[in-house]
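Here the structure is laid out as structure tokens; the discussion comes afterwards.
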Amino acid sequence: MLKCRFAGLSARRVITNPSVCLIYRQLCWAVAQKPLSKTKNALGSKTVFLGPSLEVTIKDKKFPWQQVELKAECNKGYVKVKQLGLNPTSVDSVVVGKGNEVKIKPGQQLHIVNQLYPYTVQFKADPNGNHSSTKRPREPASEDRESQREAQTMNAAKQTEENSVPVSHGEAKTMSENVGHWSQGLKTSMEDPKMQVYKDDKVVVIKDKYPKARHHWLVLPWQSIPSLKALREEHCDLVKHMQRVGDQMIQQCPDSHSLRFRTGYHAIPSMSHVHLHVISQDFDSPCLKNKKHWNSFTTDYFIESHDVIQMLETDGKVTVKEGTSELLKLPLRCHMCRKELPTIPALKEHLKSHFPR
DNA sequence: GTTCTAGAAC
DNA sequence: GTTCTAGAAC
């Protein structure tokens with residue numbers, strides 16, 4: 001069973017601002033209710049109204065009686081947000097508009113009214129449910145046998161990294177509780193010593209669980225940053241560091257001289273927690289199975305790390321062009337010779353000519 | 001993100 | 001008949 005909760009973006013704000021704290025509690029309480037009906041969707045859903053019951057505690061005069069309706073769709077991994085009041089409710093700075101309804105996923109930022117009261121949504125495993133995860137205490141990597149197995153890789157990558165110190169989890173640790181929904185899976189993987197191939201005080205590198213090429217790593221910051229959309233100018237150094245670590249992974253790879261690599265981000269990632277893909281360009285993998293896989297790495301859906309850094313430096317944020325999701329539906333085209341192939345199996349057969357084993 | 005599978009395409 | 005895709009479910 002999954003529960004949904006809404007959390008203020010800044011813990012400090014939740015604690016120091018009583019009105020926000022009340023909303024937070026109200027949402028936690030209301031949304032975690034049992035399903036109203038036994039429909040096909042066994043988890044059901046619950047609608048929450050922000051307004052009447054909280055009116056007395058909200059000092060902000062702009063907060064009307066019924067400003068926003070939130071409906072958690074736990075099975076689908078999003079929350080429907082409907083703006084009831086006249087004041088602008090926004091998701092990722094885009095105003096919803098009175099009477100309109102949009103979906104908000106983990107990682108997206110909800111402002112209840114006028115860019116105030118920032119919230120994110122999180123899906124959490126129900127401790128009483130079947131999908132609850134048993135969280136074990138984390139052991140130091142040096143004491144973990146499995147990570148010793150990877151020590152060679154880690155040491156190779158560490159050679160040029162002077163400040164490799166024991167990991168400070170910071171926000172990431174509290175986030176590890178929210179592993180109920182599949183989109184939160186990276187948070188679990190990045191904290192699993194068996195998955196880690198490199199780590200320092202800022203980032204961790206794991207092998208992609210379903211690699212789409214002979215070499216495919218993910219570089220993740222310990223800091224909890226939901227997605228590209230949340231990146232700001234102050235993250236510039238961190239993103240540059242992620243790039244450097246990605247480059248080091250390539251350098252220590254025995255195939256780095258025979259294979260080309262790319263480092264970049266998916267414009268609209270499925271998994272929460274910002275992650276840099278470091279992927280060899282052979283795309284020789286049984287896990288590459290469909291058009292979405294292919295186009296997500298070979299069209300402009302894949303945004304080069306350098307371009308992300310440049311956007312942060314010049315605009316202070318990362319802009320994804322409208323219609324980017326449509327790129328995933330483009331015909332299959334070889335990234336080497338631009339030849340169009342009719343099916344995935346045909347494409348894979350064609351790729352063998354460019355990348356013989 | 002993956003898995004499963006109905007039905008489209010061949 | 002088989003292969004393959006694409007959308008629902010998870």
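Quick note: numbers below take in every heavy atom, side chains included, and nothing from hydrogens, waters or symmetry partners.
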- Query: Are the ring centres of A:Tyr210 and A:His293 closer than 6.0 Å?
  - Reply: no
- Using atom OH of A:Tyr210 as one end and atom C1' of B:dT3 as the other, report the distance to the nearest whole Å. 9 Å
- Task: Return the value, rounded to whole Å, for the distance between atom CG of A:Asn290 and atom C1' of B:dG1.
- Result: 11 Å
- With a non-hydrogen cut-off below 4.0 angstrom, is A:Lys289 in contact with a base, only sugar-phosphate, or nothing? sugar-phosphate
- Query: Between B:dG1, C:dA6, C:dC4, which nucleotide gets closest to the side-chain atoms of A:His275?
  - Reply: B:dG1
- Message: Other residues, nucleotides and ligands only: do more than 12 of their heavy atoms fall within 6.0 Å of NZ on A:Lys292?
- Response: no
- Query: Rounded to the Å, how far apart are A:Leu341 CG and B:dC10 C1'?
  - Reply: 17 Å
- Checking all strands, does A:Ile344 fall into the base, sugar-phosphate, or nothing category for heavy-atom contacts under 4.0 angstrom? sugar-phosphate
- Side-chain H-bond candidate by donor/acceptor type, A:Gln251 with A:Asp247, under 3.5 Å: no
- Round to a whole Å and report the spacing from CD1 of A:Ile279 to P of B:dG1. 11 Å
- Query: Nearest-Å distance, OH (A:Tyr265) to C1' (B:dG1)?
  - Reply: 19 Å
- Task: May I have the distance from A:Lys292 (atom NZ) to C:dC4 (atom C1'), rounded to whole angstrom?
- Result: 18 Å
- Item | Phosphate OP1/OP2 of B:dG1 contacted by A:His266 side-chain N/O (<4.0 Å) | yes
- Message: Which label fits A:Trp217 and A:His215: parallel for a plane angle under 30°, tilted from 30 to 60°, or perpendicular past 60°?
- Response: parallel
- Using whole Å, report how far CH2 of A:Trp294 lies from P of C:dT5. 13 Å
- Message: Given C:dC10, B:dT3, C:dT5, identify the nucleotide with an atom nearest to the side chain of A:Trp182.
- Response: C:dC10
- Task: Between C:dT5, C:dA6, B:dG1, spot the one nearest the side chain of A:Lys212, thanks.
- Result: B:dG1
- Query: Should the pair A:His335 and A:Phe283 be assigned to parallel (<30°), tilted (30 to 60°) or perpendicular (>60°) ring geometry?
  - Reply: perpendicular
- Task: May I have the distance from A:Asn295 (atom CG) to B:dG1 (atom P), rounded to whole angstrom?
- Result: 13 Å
- Message: Looking at B:dT2, I'd like to know if its phosphate oxygens (OP1 or OP2) sit under 4.0 Å from a side-chain N or O belonging to A:His293.
- Response: yes
